[in-house]
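Encoded as structure tokens, the structure appears first; notes follow it.
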2 protein chains.
Amino acid sequence: MSRRNTGVTPQVVNAHACPVREVLDRVAGKWSVQILVAAAHGPIRFTELERGIEGISRRMLTLTLRNLERDGLVTRTVHPTVPPRVEYQLTPVARELHETLQRLTAWAERNRTYVAESRATYDERHAPDLVDGGGA
Amino acid sequence: MSRRNTGVTPQVVNAHACPVREVLDRVAGKWSVQILVAAAHGPIRFTELERGIEGISRRMLTLTLRNLERDGLVTRTVHPTVPPRVEYQLTPVARELHETLQRLTAWAERNRTYVAESRATYDERHAPDLVDGGGA
DNA sequence: CGGAATCCTTGTAGATACTG
DNA sequence: CAGTATCTACAAGGATTCCG
């Protein structure tokens, strides 16, 4: 097979028809948003991202960055210095996305306690015997 | 263990700290958004959802609905009639989310061709020999 | 420094069959 | 009609290692 799994968008030929799904699939990744946020302040280096995101592995950083780059959301600039220096920067389109994402964040913050309480109530009502040694 | 995998939010005790992640995790599911959209027009029955969403399995519909219900985004109303009749409806909070999601959709539609072209360009530049029998 | 390749675990989702 | 249970597949993500 010529195209092995490179880790870059495995399901390339999907064409979900629905643009919503496309955004979501892109943004849903565990790290995409955090990278977008981290890079929103200006050009940022690979290592800075790696240390700033906290919890991300080298692999996932590279992978996510590549997908973002592929989608035209970040640009990759290699400075051919002696210690290689690579900087990532958001494209204008990505900045728009970033703004939209902030509205989502706002919603999340407004309703985080509501959701948390809903969950607690639900869990209690549907498995009261499981939350606390009742089944043992 | 008392709590087997019921299919409802397997990684229950995560507490990502970041509210953005919470939204995303919830919305990122393959079907959540479509259900939100389908139910936005008013109360809708299980079967209506199943037939309206096209491609969703009974299982995933149930699962997603449950998670949505758990998070306080949909309400489930059982009408104790002879053929069971269950209706799902968005909560006010979910309606807000739905609106926010529409902005994301707008972004997606505005930039769908941009993204598509970016991908095409990227793929061509990074694996020209793979797109067209070059490696065979 | 930045990244690619490999291996492994686990969540997410599909198909199918059974039930109240 | 509206689920639930089980079994399976796949792909996202983590850890580690090697390379320019």
Side-chain angles (χ1 to χ4, degrees), chain A residues 1 3-14 16 21 24-35 43-70 74 76-88 126-127, chain B residues 3-14 16 21 24-35 43-69 74 76-88 126-127:
Chain A
M1 204 199 298
R3 166 160 267 169
R4 308 221 319 281
N5 185 357
T6 58
V8 179
T9 54
Q11 75 294 36
V12 180
V13 240
N14 231 325
H16 283 295
R21 266 256 61 77
L24 258 16
D25 284 347
R26 188 159 302 104
V27 148
K30 197 171 180 180
W31 306 106
S32 303
V33 176
Q34 290 178 69
I35 291 181
I44 188 168
R45 299 183 55 177
F46 186 89
T47 321
E48 291 178 321
L49 282 169
E50 189 179 8
R51 298 196 308 182
I53 289 186
E54 191 82 37
I56 194 170
S57 64
R58 214 185 227 75
R59 183 180 122 86
M60 286 319 294
L61 180 54
T62 304
L63 239 47
T64 310
L65 243 15
R66 279 194 127 26
N67 280 314
L68 254 22
E69 189 193 353
R70 192 170 101 105
V74 305
R76 195 181 96 117
T77 313
V78 182
H79 301 275
T81 57
V82 177
R85 180 192 181 85
V86 182
E87 286 189 328
Y88 294 91
H126 288 260
Chain B
R3 166 159 266 167
R4 304 214 328 276
N5 185 357
T6 58
V8 180
T9 52
Q11 74 296 33
V12 180
V13 238
N14 231 325
H16 283 293
R21 265 257 61 77
L24 259 14
D25 285 345
R26 187 159 304 102
V27 148
K30 197 171 179 178
W31 305 107
S32 303
V33 175
Q34 290 178 70
I35 292 182
I44 188 168
R45 300 182 56 178
F46 186 89
T47 322
E48 292 179 319
L49 281 169
E50 189 179 9
R51 297 194 311 183
I53 288 186
E54 191 82 37
I56 194 170
S57 63
R58 214 183 226 78
R59 181 178 125 87
M60 286 319 293
L61 180 54
T62 303
L63 241 46
T64 310
L65 242 16
R66 281 195 128 28
N67 279 315
L68 254 21
E69 189 194 353
V74 306
R76 197 181 95 115
T77 312
V78 181
H79 301 274
T81 59
V82 176
R85 179 191 182 82
V86 182
E87 287 188 328
Y88 292 90
H126 287 259

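All chains are named by letter (A, B, ...) in the order of the sequence lines, taking the proteins before the strands, and each is independently numbered beginning at 1.
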Kindly say whether [Y] contributes a backbone atom to a donor-acceptor pair with the side chain of [X] at under 3.5 angstrom?
X     : Y     : result
B:T64 : B:W31 : no
A:E48 : A:R45 : yes
B:R21 : A:K30 : yes

Just call it for B:R45: base, sugar-phosphate, or nothing, with non-hydrogen atoms closer than 4.0 Å on any strand.
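The answer is sugar-phosphate, as B:R45 gets under 4.0 Å only of primed atoms, P, OP1 or OP2.
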Which part of the nucleic acid does A:T62 contact within heavy-atom distance under 4.0 Å: base, sugar-phosphate only, or nothing?
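Sugar-phosphate contact only - A:T62 comes under 4.0 Å of backbone atoms but never of a base.
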Proximity to the side chain of [X] - top-ranked nucleotide from [options]:
X     : options               : answer
A:P84 : D:dG3, C:dG14, C:dC1  : C:dC1
B:R66 : D:dT4, D:dG3, D:dG14  : D:dT4
B:R59 : C:dC1, C:dA5, C:dA13  : C:dA13
B:M60 : C:dA13, D:dG13, D:dG3 : C:dA13
B:R58 : D:dA15, C:dA15, D:dG3 : D:dG3
B:R76 : C:dC1, D:dG3, D:dC1   : D:dG3

Can you tell me if the side-chain N/O atoms of A:K30 get under 4.0 Å from OP1 or OP2 in D:dG14?
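The answer is yes; a side-chain N or O of A:K30 sits under 4.0 Å from OP1 or OP2.
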Give the rounded distance in Å between these two atoms: [atom1] of [X] and [atom2] of [N].
X      : N      : atom1 : atom2 : answer
B:Q34  : C:dA13 : CD    : C1'   : 13 Å
A:R21  : C:dT12 : CZ    : P     : 13 Å
A:L63  : C:dT6  : CG    : P     : 14 Å
A:H126 : D:dG3  : NE2   : C1'   : 14 Å
A:E50  : C:dA4  : CD    : P     : 14 Å
A:I35  : D:dG13 : CD1   : P     : 11 Å
A:L61  : D:dG13 : CG    : C1'   : 13 Å
B:L49  : D:dC1  : CG    : P     : 14 Å

For A:E87 and B:A28, find the nucleotide of DNA chain C closest to each by heavy atoms; which residue's nucleotide sits nearer the 5' end?
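Residue closer to the 5' terminus by nearest nucleotide: A:E87.
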Could you tell me the separation between the CD1 atom of B:I53 and the CD1 atom of B:I35, rounded to the nearest 0.5 Å?
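Atom-to-atom, B:I53:CD1 and B:I35:CD1 are 4.5 Å apart.
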Do you know which two heavy atoms are closest between B:L65 and B:F46, and how far apart they sit?
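Closest approach of B:L65 to B:F46, heavy atoms only: CD2-CD1, 4.1 Å.
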